[in-house]
There are 2 protein chains.
Amino acid sequence: MTIRKGQRFMVGLNAVIVAVTDESPRVLTVRGSELSMTDDHELAALPFGPLDAEKDRTLERGVRGWVREQTGLELEYVEQLYTFGDRHRHPIEHQGGPRMLSIAYLALIREVKLALDSRAKWLDYYSFLPWEDWRRGRPKVLDQVILPKLEEWVTGTEEWASRTHRQERLAIAFGLGGSEWDGEKVLERYELLYEAGIIDESVRTYRGKRRPSTAVEKRELMGRRMALDHRRMLATALGRLRGKIKYRPVVFELLSPTFRLLQLQRVVEALAGVRLHKQNFRRLVDRGGLVEGTGQIDSETGGRPAELFRFRREVLTERRAPGVGLPTS
Amino acid sequence: MTIRKGQRFMVGLNAVIVAVTDESPRVLTVRGSELSMTDDHELAALPFGPLDAEKDRTLERGVRGWVREQTGLELEYVEQLYTFGDRHRHPIEHQGGPRMLSIAYLALIREVKLALDSRAKWLDYYSFLPWEDWRRGRPKVLDQVILPKLEEWVTGTEEWASRTHRQERLAIAFGLGGSEWDGEKVLERYELLYEAGIIDESVRTYRGKRRPSTAVEKRELMGRRMALDHRRMLATALGRLRGKIKYRPVVFELLSPTFRLLQLQRVVEALAGVRLHKQNFRRLVDRGGLVEGTGQIDSETGGRPAELFRFRREVLTERRAPGVGLPTS
DNA sequence: TCCCCTTATACTCAAAGTGAGCATATACTA
DNA sequence: TAGTATATGCTCACTTTGAGTATAAGGGGA
């Protein structure tokens with residue numbers, strides 16, 4: 001095994017920065033004009049920058065640096081999400097540029113006001129993935145666009161084995177035929193939509209073929225596009241986050257130090273994309289030792305005043321996997 | 001944001017390939033002599049190779065290629081684990097070489113006989129992380145070496161905040177003072193041991209300081225070293241795997257198509273590092289719809305003959321998170 | 001003032017799931 | 001034939017969960 005000298009790579013760092021305000025989840029975006037190098041000059045993009053081989057001691061520091069530079073924000077909770085490295089993910093590769101790798105990070109933050117002149121903007125997370133938000137019932141885009149198209153895609157292959165396989169993936173990802181909808185399977189769903197050509201992202205070619213695209217009038221139902229494969233990163237992040245809230249107390253990164261239980265519930269619902277059973281939710285977080293009352297009362301509720309709670313840090317030493325649990329309603 | 005031309009990077013691909021044979025978990029290793037570039041010419045290393053910017057269409061293909069080349073194995077189940085990118089992880093960086101990134105993958109496989117002349121070798125997973133194996137009771141290395149040293153490390157800092165923080169991390173990671181041992185916290189434990197200088201890996205410098213190392217006579221209790229930060233990758237992989245078996249039916253990747261329930265249990269125990277309650281374990285996998293009897297009988301048990309079972313694929317469409325569950329005994 | 005709307009919070013009750021163990025069946029071996 | 005090993009069925013108390021019912025306490029408007 002010979003160690004060759006460095007080939008031509010560019011290593012990009014991306015951040016999926018999530019906040020929840022006014023009961024709706026948001027992601028921090030920048031304008032992706034230069035980035036996308038396509039005709040779509042105003043696609044939203046994730047904060048992005050190349051890793052500096054000399055200056056960035058760790059990947060995480062690199063991410064924090066780029067976010068600071070592009071948005072003015074100082075991140076707290078940050079975790080590595082996934083490394084994307086398929087060839088031709090980025091247009092520069094088509095132009096003889098270096099091979100592009102992107103290491104995506106997930107960050108959670110209490111939403112902050114951005115400077116007016118900031119290039120960054122908070123956008124509704126579900127505006128990119130509308131089929132993931134079930135809080136007001138089953139999203140209509142599912143039955144109006146997605147499932148019909150996916151059924152077509154399933155029957156669109158001759159081979160029996162291939163067809164069965166597609167059918168099974170569809171059933172699992174979208175909760176068909178005996179399966180239930182699983183909120184965590186965000187990426188699986190995105191990938192089916194991508195493979196079936198129901199969403200078309202800005203990278204024009206994939207294995208040399210132009211993908212078929214959905215009729216224009218339906219497109220808006222399918223949510224906003226993002227630059228490059230950033231929407232895939234969004235899907236990856238949401239899936240990870242939905243899993244994680246169940247066994248790590250990460251929601252509290254999105255809340256102020258004290259909060260009403262209903263606020264906590266709304267944040268969880270925003271991430272999980274479903275409504276929860278109120279009484280059982282409080283039972284879980286309270287008896288589960290995740291929160292403790294502060295004794296303070298908040299009267300800004302519009303109803304009976306509520307007690308303010310705080311995160312109980314000790315739960316970390318008491319329980320193995322302290323997360324919130326989703327008593328779906 | 002300017003896109004600069006490719007800086008000097010080298011992108012390495014590593015594979016943590018896991019199998020379970022004779023009730024003990026194993027990892028596939030190659031000899032790390034060239035790799036480590038240190039005096040330790042015979043440290044075990046993970047199969048490794050640089051990503052080829054031109055030839056490897058995807059990262060996963062790159063990994064499969066290197067594994068094939070170095071071990072002759074054809075991988076099936078593969079998932080991305082983590083990307084390691086801290087500066088000075090690799091000695092070539094000290095010598096003015098390119099910045100080294102390593103993308104680690106986890107692969108599960110039914111153990112195969114290797115060619116006699118193969119450079120690869122199966123080694124016991126717990127020989128590298130002995131404190132993780134509780135199947136024969138609490139590992140003695142914990143009380144004989146680890147905990148005393150870690151207590152020292154905690155009291156070794158003056159600042160109160162720092163001390164409390166260390167104390168809390170210790171309690172959570174190693175199940176002290178009200179906490180219980182959590183099998184999934186493999187990486188947290190590794191990182192404490194690393195920070196406290198209780199294990200010393202082959203990269204000599206870290207932020208310029210030589211780390212203190214444990215007295216030689218105790219070192220063997222702390223398990224074998226690996227080249228570079230490969231033992232950290234092992235820890236990352238084991239933590240991930242222990243989590244994953246609980247909600248994805250990945251164990252079956254390690255078993256032949258039909259098996260006795262006790263075989264299944266032994267494989268789970270090997271990964272989880274604990275003994276399980278037999279009757280409850282069968283209840284879980286059986287009533288949980290994870291397996292189904294084949295009607296065939298296996299008399300090679302040494303006791304009453306057992307029915308052979310197979311994985312029930314349909315469970316994927318029936319349950320959201322089908323994993324095995326650990327009825328600890 | 002009182003009714004109504006809103007949110008908060010306590011409590012119940014059945015069903016399902018889990019931890020721990022007893023009991024029995026069927027092989028092989030000394 | 002006793003003893004050991006594995007396989008498998010079943011019990012029982014306890015906890016957790018799903019789905020409600022009931023009541024408390026604020027504000028606004030008729």
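Heavy-atom basis, side chains included; hydrogens, waters and symmetry copies ignored. By convention in this document, chain letters (A, B, ...) are assigned in the order of the sequence lines, proteins followed by strands, and residues within each chain are numbered from 1.
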> Has the side chain of A:Arg304 got a donor or acceptor that lies under 3.5 Å from a partner of the other kind on the base of D:dG27?
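Side chain to base: no pair present.
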
> Mind checking A:Ser329 for me? I need base, sugar-phosphate or nothing, with any heavy atom below 4.0 Å counting as a touch.
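Here A:Ser329 touches no strand at all.
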
> Parallel, tilted or perpendicular for A:Trp134 and A:Trp181, by the 30°/60° rule?
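Plane angle between 30° and 60°, so tilted.
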
> Between C:dT26 atom P and B:Glu300 atom CD, what is the distance in whole Å?
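My rounded result for the distance is 19 Å.
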
> Is it true that A:Arg320 and B:Glu184 have a side-chain N and a carboxylate O under 4.0 angstrom from each other?
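Salt bridge absent between A:Arg320 and B:Glu184.
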
> Rounded to the nearest Å, what distance is computed from the CZ atom of residue B:Phe281 to the P atom of nucleotide C:dG19?
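After rounding, the gap between these two atoms is 13 Å.
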
> Would you call A:Arg260 and A:Glu300 a salt bridge, taking side-chain N to carboxylate O under 4.0 Å as the test?
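Judged by the 4.0 Å cut-off on N to carboxylate O distance, A:Arg260 and A:Glu300 do not form a salt bridge.
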
> Between B:Pro305 and A:Pro327, which has a closest nucleotide on DNA chain D that is more 5'?
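The residue closer to the strand's 5' end, by nearest nucleotide, is B:Pro305.
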
> What is the distance, to the nearest angstrom, from the CZ atom on B:Arg260 to the C1' atom on D:dT8?
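For the pair B:Arg260 CZ and D:dT8 C1', the rounded distance is 14 Å.
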
> Remember a base hit wins even if backbone is also touched, and classify B:Gln279 as base, sugar-phosphate or nothing at under 4.0 Å, heavy atoms.
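Answer is base: heavy atoms of B:Gln279 come under 4.0 Å of a base.
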
> Could you state the atom-to-atom distance from CG of A:Asn280 to P of C:dA15 in whole Å?
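About 16 Å, once rounded to whole Å.
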
> Per the salt bridge (Lys or Arg N to Asp or Glu O under 4.0 Å) rule, which among A:Arg135, A:Arg136, A:Arg266 passes with A:Glu23?
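For A:Glu23, the salt bridge (Lys or Arg N to Asp or Glu O under 4.0 Å) check succeeds only for A:Arg266.
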
> In this structure, how many angstroms lie between the C1' atom of C:dT7 and the CZ atom of A:Phe309, rounded?
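About 14 Å, once rounded to whole Å.
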
> May I ask you to say what A:Leu261 touches in the nucleic acid, namely base, sugar-phosphate or nothing, with a heavy-atom cut-off under 4.0 Å?
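Nothing, no nucleic acid heavy atom in range.
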
> When all nucleic acid strands are considered with a 4.0 Å heavy-atom cut-off, which category describes B:Ser299: base, sugar-phosphate, or nothing?
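The residue B:Ser299 makes no contact with any strand.
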
> Quick check for you: among C:dA8, D:dT11, C:dG21, whose closest atom lies nearest to any side-chain atom of B:Arg283?
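Minimum distance to the B:Arg283 side chain belongs to D:dT11.
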
> Rounded to whole Å, how long is the line connecting atom CD of A:Gln296 with atom P of C:dA8?
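My rounded result for the distance is 16 Å.
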
> Closer to the 5' end of DNA chain D via nearest nucleotide, is it A:Gly303 or A:Arg287?
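Its nearest nucleotide lies further toward 5', so the answer is A:Arg287.
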
> Grab the CZ-P distance between A:Arg282 and C:dA8 for me, whole Å please.
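Distance check: A:Arg282 CZ to C:dA8 P gives 7 Å.
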
> Using 4.0 Å as the upper bound for N to carboxylate O, is an ion pair formed by B:Arg189 and B:Glu132?
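Counted as a salt bridge, because a side-chain N and a carboxylate O are separated by less than 4.0 Å.
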
> Given D:dA7, D:dG9, C:dT7, identify the nucleotide with an atom nearest to the side chain of B:Thr301.
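Nucleotide nearest to B:Thr301's side chain: D:dA7.
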
> If you only use heavy atoms from C-beta on, which nucleotide in C:dT9, D:dA19, D:dT8 is closest to the side chain of A:His277?
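So the side chain of A:His277 is nearest to D:dA19.
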
> In whole angstroms, how far is the C1' atom of D:dC10 from the NZ atom of B:Lys278?
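About 16 Å, once rounded to whole Å.
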
